[in-house]
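The structure displayed is predicted, hence computed values, not measured ones. The chains referred to below are lettered A, B, ... by the order of the sequence lines, with proteins before strands, and numbering in each begins at 1.
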Amino acid sequence: MDKKTEALNKYFGFSSLRAYQEPIVDKLLEGTDTLAVLPTGSGKSICFQLPALMKNGLTLIVSPLLSLMDNQLQELRAKHIKAAAAYNSFMSPEEKSRVLRRLSSLKLLYISPEALSLPFIVERLKEVNVVMMVVDEAHCISQWGHEFRTDYLKIGPVREAVGNPCMAAFTATATPEVQLDIKKQLRMEEPAEYIHSVDRVNIALFVQRCTSEREKKKELVRIIQNAPGPGLVYVTSRKKCEELKKLLQEESAHQVEAYHGGLDNEARLMIQQQFLHGDLDVVVCTNSFGMGLNKADVEFVLHYHFPKDAESYIQEIGRAGRDGRQAWATVLYLEEDIIIPQMLMESELPPVDELDAAWETAASSRQEETTADLINKLGWTETAARFLAFYLEKHPRKRKSELLEDLEEKVQQRRFEKEKKLKVMVQWLENSNTCRRRLLLQVFGEALMKRPDPCCDICGSTIPVRKQPGNEKEKVTAPWEMRLQELFFGKEREHE
DNA sequence: CGTTCTTATAGTATTATAAGAACGGTGCCATACT
């Protein structure tokens, strides 16, 4: 038995890797930069966990959400893998300093891009042997890095600071442009690439054009009444989230809840757990819901508002049909809904005619207060302020005139890129001739090889009805307090 | 850009309608002490 198989067996209890995992593990073992686009729920974490455990030194896993770190750690703990830890703000000061002290005895450290960018963390990492860095959900680099969470763009520089270890990026969805962006930001040079199809053949795709908000609501109610669920309804505002929750609670027999960033952590955890355990049929949510959701039997994803680009769309519908059974996704398309993503996009970028004022403001504040000052003195959104602060930090020595000129161009460039993505999304919705699946795959640089049945509305399919299994397994309902307890304080859970 | 809420006016008791304004998503983060 070779070393790899031995380790696989020892740590994970498997006798062999799946065909697509094998080459990725090999590349990482030999220290080659790797970009992998793999469908969700396909055992991608083992692709980096195994090499990390076999290597001599520390692997950093950059993860976008604390809950994702927590999930993966629970899984590792369940397999009695001890050399793994997280560093994040959810931990007590004691726990944090303990982790930093025992870094050299760890194999895996889960960390957010923000924590990874803290100067004292970088200094500490320089003292230990970092052999590999992994960016999980790497599309976040492109989706969030440029404005919302600019620390995503600092992963590349940190990599260089800690001795340029091997870099791996994993995601389930990336267009060719996003792949390029990931490679550039992470400073990957000629990485090995494993790009799998983003097509989910068991999800049928539909778009239903509506002419008014009222019609859309009626259609929503009709569809949900007839869908046994479980399913998700995506909207782009918190208010709408709550409103539609109420509507569906009144008009359908389903258990319905709303999920968005305005809820506190406890409520969010609760809803996610209830949905996971089958105690909720429908969750009306904003784009905050779904990442890391490990639920196999989601039957449908309904977009009450359409998302701002095709990647978000693929990601969101990808939460359906993980169990391989027939699932469907439908968009209730109302033309004027385009204004919401447009406004949100606009609010992420600095107003071009205030760049001069922003420069003056920044010049008179300390670096760590630049963002706050831009928000308070100029009334900018947090995201726009962060965008500017990041840019100034990156180019500290540029002359004012030159900097403002560059900045304006950069803002226009970003606006252009975002608008283009939105336009592609709308074109997809408006299209009435070409198979939706074919067109969607085109955005990801893929050709449609084989059309599944059902495929999409344009191919003549209608929303499939799932046969209900006659003898559903009995629900085991533990008190909620107990489940929350498990989540906060941990309890070994089995997975897979 | 449309929805939804607030304020203003009309004109006269209680409400009706118009004009104006606000709003619309994603999450992470060392600090105080000698």
Check your understanding: side-chain contact (heavy atoms from CB on, under 4.5 Å) between D279(A) and Q255(A): does it pass, once the steps are laid out?
Key -> CA-CA 7 Å; D279(A) 297 317; Q255(A) 292 300 312; over 6 Å; no

Practice item. May I ask you to say what P113(A) touches in the nucleic acid, namely base, sugar-phosphate or nothing, with a heavy-atom cut-off under 4.0 Å? Key: nothing

**Study point:** Residue E114(A), side-chain heavy atoms: nucleotide from dG27(B), dT26(B), dT4(B) that is nearest
**Key:** dG27(B)

Review point. For the side chain of Q185(A) and the backbone of L153(A), is there at least one donor-acceptor N/O pair under 3.5 Å apart?
Key: no

Study note, to complete from the structure: Winner on side-chain proximity to S237(A), out of dT26(B), dC28(B), dG25(B), is dG25(B)

Review point. So does S288(A) get a side-chain nitrogen or oxygen closer than 4.0 Å to the phosphate oxygens (OP1/OP2) of dT26(B)?
Key: yes

Practice item. Take the protein atom CE of M91(A) and the nucleotide atom P of dC29(B), then report the distance between them rounded to whole Å. Key: 10 Å

Exercise for review: Would you kindly compare T236(A) and A115(A) by the position of their nearest DNA chain B nucleotide and give the one closer to the 5′ end?
Suggested key: T236(A)

Revision key, fill the gap. With Y313(A) as partner, the option from Y333(A), W428(A), Y234(A), F306(A) fulfilling ring pair (Phe, Tyr, Trp, His ring centres under 6.0 Å) is W428(A)

Point to revise | Range-with-range stems of DNA chain B (Watson-Crick or G-U pairs under 3.5 Å, three or more in a row) | key: B:1-10 with B:15-24

Practice item. Rounded off to whole Å, could you give me the NZ-to-P distance for the K217(A) and dT4(B) pair? Key: 5 Å

Revision key, fill the gap. F289(A) atom CZ is separated from dT26(B) atom P, nearest whole Å, by 13 Å

Check your understanding: Counting any heavy atom closer than 4.0 Å, what does L118(A) reach on the DNA or RNA strands: base, sugar-phosphate only, or nothing?
Key -> sugar-phosphate

Revision key, fill the gap. Checking dC29(B), dG24(B), dG27(B) against the side chain of N88(A) (C-beta onward), the nearest is dC29(B)

Practice item. Side-chain contact test, heavy atoms from C-beta onward, threshold under 4.5 Å: evaluate it for K410(A) versus D406(A) and give yes or no. Key: no

Review point. Between dC28(B) atom C1' and K154(A) atom NZ, what is the distance in whole Å?
Key: 12 Å

Check your understanding: For S347(A), which contact category applies under a 4.0 Å heavy-atom criterion: base, sugar-phosphate, or nothing?
Key -> base

Exercise for review: Output yes when at least one side-chain N/O atom of R238(A) is less than 4.0 Å from OP1 or OP2 of dT26(B), else no.
Suggested key: yes

Practice item. Could you please name the option among dG27(B), dT4(B), dA30(B) that lies closest to any side-chain atom of K96(A)? Key: dA30(B)

Check your understanding: Considering only dT26(B), dC29(B), dG25(B), which nucleotide approaches the side chain of S89(A) most closely?
Key -> dC29(B)

Practice item. Compare all side-chain heavy atoms of D70(A) with those of Y110(A) and state whether any distance is below 4.5 angstrom. Key: no

Review point. Considering heavy-atom distances to DNA chain B, does R214(A) or G262(A) have its closest nucleotide positioned more toward the 5' end?
Key: R214(A)

Exercise for review: Would you mind reading off the distance between F148(A) atom CZ and dG27(B) atom P, rounded to a whole angstrom?
Suggested key: 6 Å

Check your understanding: When the ring planes of H395(A) and Y391(A) are compared, do they come out parallel, tilted or perpendicular, using 30° and 60° as the limits?
Key -> tilted

**Study point:** Charged N-O contact under 4.0 Å between E393(A) and R386(A)
**Key:** no

**Study point:** Option among V158(A), V162(A), I111(A) that satisfies the side-chain contact (heavy atoms from CB on, under 4.5 Å) test with I121(A)
**Key:** I111(A)

Exercise for review: Would you indicate what E213(A) reaches in the nucleic acid, counting non-hydrogen atoms under 4.0 angstrom: base, sugar-phosphate, or nothing?
Suggested key: sugar-phosphate

Review point. What is the distance, rounded to the nearest whole Å, between atom CE of M345(A) and atom P of dG25(B)?
Key: 14 Å

Exercise for review: Report the distance from atom CD of E242(A) to atom P of dT3(B), rounded to the nearest whole Å.
Suggested key: 20 Å

Check your understanding: So what does E382(A) touch, heavy atoms closer than 4.0 Å: a base, only the sugar-phosphate, or nothing?
Key -> base

Check your understanding: With sugar-phosphate meaning primed atoms plus P, OP1 and OP2, does R268(A) contact a base, only sugar-phosphate, or nothing at under 4.0 Å between heavy atoms?
Key -> sugar-phosphate

Review point. Separation of D136(A) atom CG from dG27(B) atom C1', in whole Å?
Key: 16 Å

Point to revise | Nearest to side-chain heavy atoms of L65(A), which nucleotide of dT26(B), dC28(B), dG24(B) | key: dC28(B)

